[in-house]
Amino acid sequence: MSTLKIALDGLMNQQPVQATIENDPIKFAHRYTDPNDQELAAIFASMLAFGKVSLFLPVIERWMSLCDQRGGPRQAVERFSVADFTVFNQLSYRWNKAPDFTLIMLTFREVLKDHDSVGSWVESLYKPQDIDLNDTLTRMMNRLQSLAVSISTEAGCTVTTFAELPDGFKRFLSSPAKGSACKRWQMLMRWMVRTTAPDLGLWNLPAAKLTIPLDIHVHTISQMIGLTTQKSANLKAARAITDQLRTIAPDDPIQYDFALAHLGISGQCQKAYNLQICTICPLHELCVHTKGKQPQEQGDRS
Ligand code: SF4
C-alpha cells in the first residue's frame, strides 16, 4: 500500500465524522429526512459556504428557518412568489443581499417546474463521455444563468443578459468553464453524489468523476504533502490534486476531502511544525514541515 494511501486512510479514520458535521455546512442537509428538502438545503448551504465557518453557519441557519416557516426548503421554493419577496429583507452575507436570495429561489422554482427534483435535472445534464463532472457543472450553470435572466422581470430587475444581474447573485452561479475551482459547487456535488458519510448520495452520478472542492485549507495541506505544486487554488490545481487522489482511490478519489478540510478548519493543522501536533498527525511522513526534523524532534512513535 502506498505511503499516500496509508497517510490519508489514517487521517480519515482519525476524524470523527458525526462530531465534525456540527461544524460543517452539510449539517443543514442532514436536518431533513425528505430527499427533496435535503437537496435544496444542501444547495443553499453550499452557496453561502465561503469565508469563516463561524460567520456563514448562522446565516444559513436563518435561510433554513425562513424555509421551514414555509413548509421546508422544497415547498418554500415551489411556492415562492412576489408575496414572499420581503422575507429576505433581513438576510445578507458579505456581497449577497435580499434580491440575490429572492432571485435564486425563483431560479430553482423554474427548475422544479420541469423536473421532479433538482437531482433528476442534473442527472439529465450528464453525458457518459464527460471526462469529469465539471462538464455537467458547466451545463448546469449555463442553464441556471439563463433561467435567472428569463425570470428577472418577476424578480423586479429586468435584464437581457446574465452579466447585467447583481454581482452578488452572479457569484452564486460561478462556472468551472472560466477556470474557477468552484469550490462550493464541487462541494455540493460531493455531498449529493458520494454515498458514504457524511455525504448523502442522492444524485446518481459517478463519484469517480468528482473534483475536489478546493478551499484554502485543502489547497495548503495538499501543497504541504506534495499533491500539487500549483500556487493558485484554481480548477487546474483542483484537478491536479484529484488526479493524485485517483491513483490511490480511482472509484472515489475525493473521499478524503472532508478529513483534509477539517484538519485545517479545526485548527489542528497549523500549517507549520508543531512537535505535539505533527508527531501524531497521520500525514507527518509526507508533510514538508516534518522533513529534516531529527527523530527526537518528531517524537517516539514506537
Ligand atoms: S503541519 Fe503538522 S499537522 Fe499539518 S499536515 Fe503537516 S504534519 Fe500534519
Side-chain angles (χ1 to χ4, degrees), residues 1-27 49-57 181 183-184 186-187 190-191 194 196-199 210-250 252-302:
M1 197 184 294
S2 75
T3 308
L4 179 63
K5 182 161 173 53
I6 292 168
L8 290 176
D9 284 350
L11 181 68
M12 249 193 342
N13 292 333
Q14 195 184 68
Q15 293 278 347
V17 169
Q18 283 311 321
T20 311
I21 274 180
E22 271 313 299
N23 204 29
D24 191 285
I26 199 174
K27 73 176 181 177
F50 60 93
K52 279 192 173 179
V53 175
S54 59
L55 295 180
F56 66 67
L57 288 183
K183 171 246 169 178
R184 291 169 290 156
Q186 309 285 13
M187 188 172 69
R190 193 204 86 199
W191 295 352
R194 290 197 66 254
T196 54
D199 302 318
L210 289 164
T211 300
I212 199 158
L214 196 56
D215 68 6
I216 182 70
H217 302 293
V218 173
H219 185 228
T220 305
I221 295 171
S222 295
Q223 288 176 311
M224 284 159 37
I225 64 172
L227 292 181
T228 183
T229 54
Q230 295 284 331
K231 288 194 167 47
S232 299
N234 53 23
L235 184 60
K236 193 174 175 185
R239 279 183 161 143
I241 293 165
T242 308
D243 285 345
Q244 289 294 313
L245 297 177
R246 204 169 272 123
T247 64
I248 59 168
D252 189 10
I254 70 164
Q255 62 185 281
Y256 303 107
D257 172 63
F258 186 77
L260 281 168
H262 281 277
L263 180 64
I265 291 168
S266 65
Q268 188 185 339
C269 173
Q270 299 178 356
K271 284 101 176 184
Y273 186 70
N274 176 301
L275 177 67
Q276 288 184 327
I277 295 173
C278 294
T279 50
I280 59 168
C281 173
L283 306 184
H284 79 281
E285 289 207 15
L286 299 168
C287 183
V288 69
H289 294 300
T290 58
K291 296 260 166 70
K293 302 292 179 204
Q294 297 303 311
Q296 62 268 31
E297 290 178 272
Q298 291 194 21
D300 181 6
R301 295 177 58 81
S302 61

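Note that ligands are numbered from 1 as they come in the structure, with each ligand's atoms numbered from 1 the same way. Residue indices begin at 1 and follow the sequence shown.
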Given Leu263 and Leu11, is the side chain to side chain contact (heavy atoms under 4.5 Å, CB included) satisfied, shown in steps? CA-CA 8 Å; Leu263 180 64; Leu11 181 68; 4.1 Å; yes
Give me the one residue out of Asn23, Asp24, Thr20, Asp257 that meets side-chain hydrogen bond (donor to acceptor under 3.5 Å, both in side chains) with His262. Asp24
At a cut-off of 2.8 Å, list the protein N/O/S atoms near atom 6 (Fe) of ligand 1, residue plus atom name. Cys287 SG
With a cut-off of 6.0 Å (strictly less than), are more than 12 heavy atoms of other residues, nucleotides or ligands near NZ of Lys271? yes
What are the two closest heavy atoms between Ile26 and Pro198, and how far apart are they? CD1-O, 3.0 Å
Does Leu8 reach the side chain of Leu245, with side-chain heavy atoms less than 4.5 Å apart? yes
Atoms of ligand 1, numbered as shown, that sit under 4.0 Å from any heavy atom of Ile277: 3 (S)
Would you mind writing out the side-chain donor-acceptor pairs for residues 221-233 within the sub-3.5 Å range, not counting sequence neighbours?
from: Ser222; atom 1: OG; to: Val218; atom 2: O; distance (Å): 2.6
from: Gln223; atom 1: NE2; to: Gln230; atom 2: O; distance (Å): 3.1
from: Thr228; atom 1: OG1; to: Gln230; atom 2: N; distance (Å): 2.9

Does ligand 1 have an atom that lies less than 4.0 angstrom from a heavy atom of Ala272? yes
Salt bridge flag under 4.0 Å for residues Lys183 and Asp215: no
